Amino acid sequence: MDLQSPVIVEVLLDLPLPRGFDYHAALATEEDVGRRVKVPWGTGQKVGVIRALKHTSTYPADKIKEVLEIWRDVPPLNARDWQLLEFCSSYYHYPLGQTVLAMLPPALRRVGGWQPPRRVRQPRKYPSQSSAPPLNEAQRSVVQAILQQPNFAVHLIHGVTGSGKTEVYFSLIEKVLERGRQVLLLVPEINLTPQLEQRLARRWPNLNWISLHSGVSEKERARRWLTAQTGAARLVLGTRLAVFTPLPELGLIVVDEEHEASFKQQDGLRYSARDLAIVRARQGEFPIILGSATPTLESWHNARTGRYQLHHLRERAVPGACLPQLTLAPTMQEGLPHWATVLHETLSRGEQVLVFINRRGYAPVLYCPNCGWQAACPRCSVRLVVHRRTRQLRCHHCGLEQVLHESCPSCGNVHMETRGEGTQQVEERLRNYCPSARLLRLDSDSLALKGSWERAREQILDHQVDILVGTQLLVKGHDFPDLSLVVVLNADQSLFSSDFRASERLYAQLLQVAGRAGRAEKAGQVWIETDYPGHPVLLALMQHETENFLDQELALRRQMGWPPFNYLAILRAEARDVGKVTVFLEEARQKALTRGGEGICIFDPVPSTLARKAGFHRWQLLVQGAHRASLQVFLASWVDELRALRSGRSIHWVLEVDPWDC
DNA sequence: AGCACGCCGACT
DNA sequence: GTCGGCGTGCTC
Ligand SMILES: [Zn+2]
Ligand SMILES: [Zn+2]
């Protein structure tokens, strides 16, 4: 090596450019690759990561600036970390610099965002009461089967609600920890609760484990992340963002509720934490476990074709627990609903009731019966939602708030009416049916205050509440043992959605809601209000035959050429000016058609589901590929052309690979 | 992405 | 006459 030539480092920065920037760094060595640096940038400074050392640069020598600081107090990213980042950057067609910076905890991305702590904190210690409950036969055989393969393998555990999946995870985690390897446990955002953390703490009182999610303060998140990187933390419990945590001795990843949409990042680097976790396991040559009561069709297909190993947990682990009894009932236009009797019976037994309606507010429509006028958001292509308590009209997409109209702005009629029901109106209706029952409404409006979830949970567990009215928020990740009746309202709305994933999602949601009824020893009841009792999703649900449903749905996907039998990418574009959006997408389409590719199908640009949001017109262009590899080849050259399009400069656009909604 | 520079429309 | 719109180019 030429000792005379000055050392140059290539630094990756958080910029939408597919290249690094060269700086002088006289004292840099190969050990510094993967370290964070402070560099001058224009008039200011930025944090970057050293990608490589070199001795020459194509950039004019007199313009190359000096690195201001190399932070050597923490370990550099290692070869495995780079392997994942490079895969991620190329697969999602996202600049490497932005990918690297996105994986760092926020405090480590900014100049002055991180000071090493004065004193090394002692890992938290909990009272020692480590207890591993005995596994049943089914659980034991799954654990045995998975332990037999220490190398890369994807295991899909299909476990019905209450089948004791978590104990299987814990048992496997324990074995891997004993072998001296680190473990990553990924759970949906909504499931990462203090209760889950306590459960881990009780199970491993003396283990150094950390929990990583967006609720942790920036400083603390960086501190915990670094303990994982140094190998001090042995177990990481985290949401999707934790999939990037550097873990030098990683030996197992568990993705619980693998079907959950929160594993998909919906802005910036639009990755699937589940898919990246699988890639990470393959790169690191260790097993990964996906678990769900309602696996995604992608995973199910891989299991059916033998690429994943399928394991079943068919029995409920809790002794005596049985499946809830399911009833479909037509909606009632007037008078008492069909479920009114069972509601009263349940309450009179002193048991709790959950009424599920996936729509907050009082009513989704305010209209004038005289002229037909409807309250719409001026900035979005949606109707405004009536919030009666605050006497407001609100847009749930852009946050716009208006005072509720007293009269029709179009014809002056003073008798305005609402249509449809939200949580607030259901709450009101239930107060009329059961005036003496104690009601609690749980949606993002009533839970806006910090700590209100915790308070509500205690009230419910303490049986200070008889009827719960709520949205999605209420259903996921929480068990309420006294709950024995679940009523699902307005399920029909999602029955005829145009999204090809609608059935899969509805099935998962309904099964999860149903699972809330009658845990423990009590048999529960579930009533679903529907006018389409013959719908395949409802039929499958009635039969409790998830695997048949998945097979049927898979056959339909194959027939229609939808994923997992084809691969998708979406080019999304938005701007205040519709013309600019459509011109860009049309040019993009022409480029795509000219380029073409094996098995590549280019669709026409169409408005997005939410065609206008906060004043921005949103359109999209779907690309379908028969094979993952050929789609990747096509996308790689297509994005280069897109970046060169002048019409793309005055709009926002993103390319999304494997979109979860289209 | 930011941030500067630069050139045309409607304002004190 | 200037304030400000956003189109264009640059950042090692
Ligand atoms: Zn009117
Ligand atoms: Zn709006």
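Being a predicted model, the structure only gives us computed values, none of them experimental. Just the heavy atoms: all of them, side chains too, but no hydrogens, waters or symmetry mates, feed the values below.
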Decide yes or no for [X] and [Y]: does some side-chain heavy atom of the first lie under 4.5 Å from some side-chain heavy atom of the second?
X        : Y        : result
A:Leu276 : A:Gln265 : no
A:Glu31  : A:Pro76  : no
A:Gln590 : A:Glu587 : no
A:Pro40  : A:Tyr23  : yes

- prompt: Considering residues at least two apart in sequence or located in another chain, which fulfil the salt bridge (charged side-chain N to carboxylate O under 4.0 Å, His left out) criterion with A:Lys219?
  reply: none

Letter per nucleotide, 5' to 3', of nucleotides 4-10 of chain B [B base touched, S only sugar-phosphate touched, - untouched; heavy atoms, 4.0 Å]: -------

Polar atoms only, N or O, under 3.5 Å: list the protein pairs with nucleotides 6-12 of chain C and their distances.
from   : atom 1 : to       : atom 2 : distance (Å)
C:dG7  : OP2    : A:Lys580 : NZ     : 3.0
C:dG9  : N7     : A:Arg649 : NH2    : 2.8
C:dT11 : OP1    : A:Lys63  : NZ     : 3.3
C:dC12 : OP2    : A:Lys65  : NZ     : 2.5
C:dC12 : O3'    : A:Asp22  : O      : 2.9
C:dC12 : O3'    : A:Lys65  : N      : 2.9
C:dC12 : O2     : A:Asp22  : N      : 2.6

- request: Output every pair passing side chain to side chain donor-acceptor pair (under 3.5 Å) with a member in residues 96-116 of chain A, not counting sequence neighbours, ordered by first then second residue.
  value: A:Arg110-A:Glu218

message: Can you tell me how the ring of A:Phe500 sits relative to the ring of A:Trp562, calling it parallel under 30°, perpendicular over 60° and tilted otherwise?
response: parallel

query: So, A:Gln229 side chain and A:Pro75 main chain: donor-acceptor pair closer than 3.5 Å or not?
result: yes

query: Near DNA chain C, which residues from residues 86-106 of chain A have a heavy atom under 4.0 Å away?
result: none

task: Apply ring pair (Phe, Tyr, Trp, His ring centres under 6.0 Å) to A:Phe87 and list each qualifying residue two or more places apart in sequence or on a separate chain.
output: A:Tyr91

query: A:Arg576 has an atom CZ; how far is it from atom P of C:dG5, in whole Å?
result: 12 Å

- prompt: Between A:Arg274 and A:Glu258, does at least one N-O distance fall below 4.0 Å, as a salt bridge requires?
  reply: yes

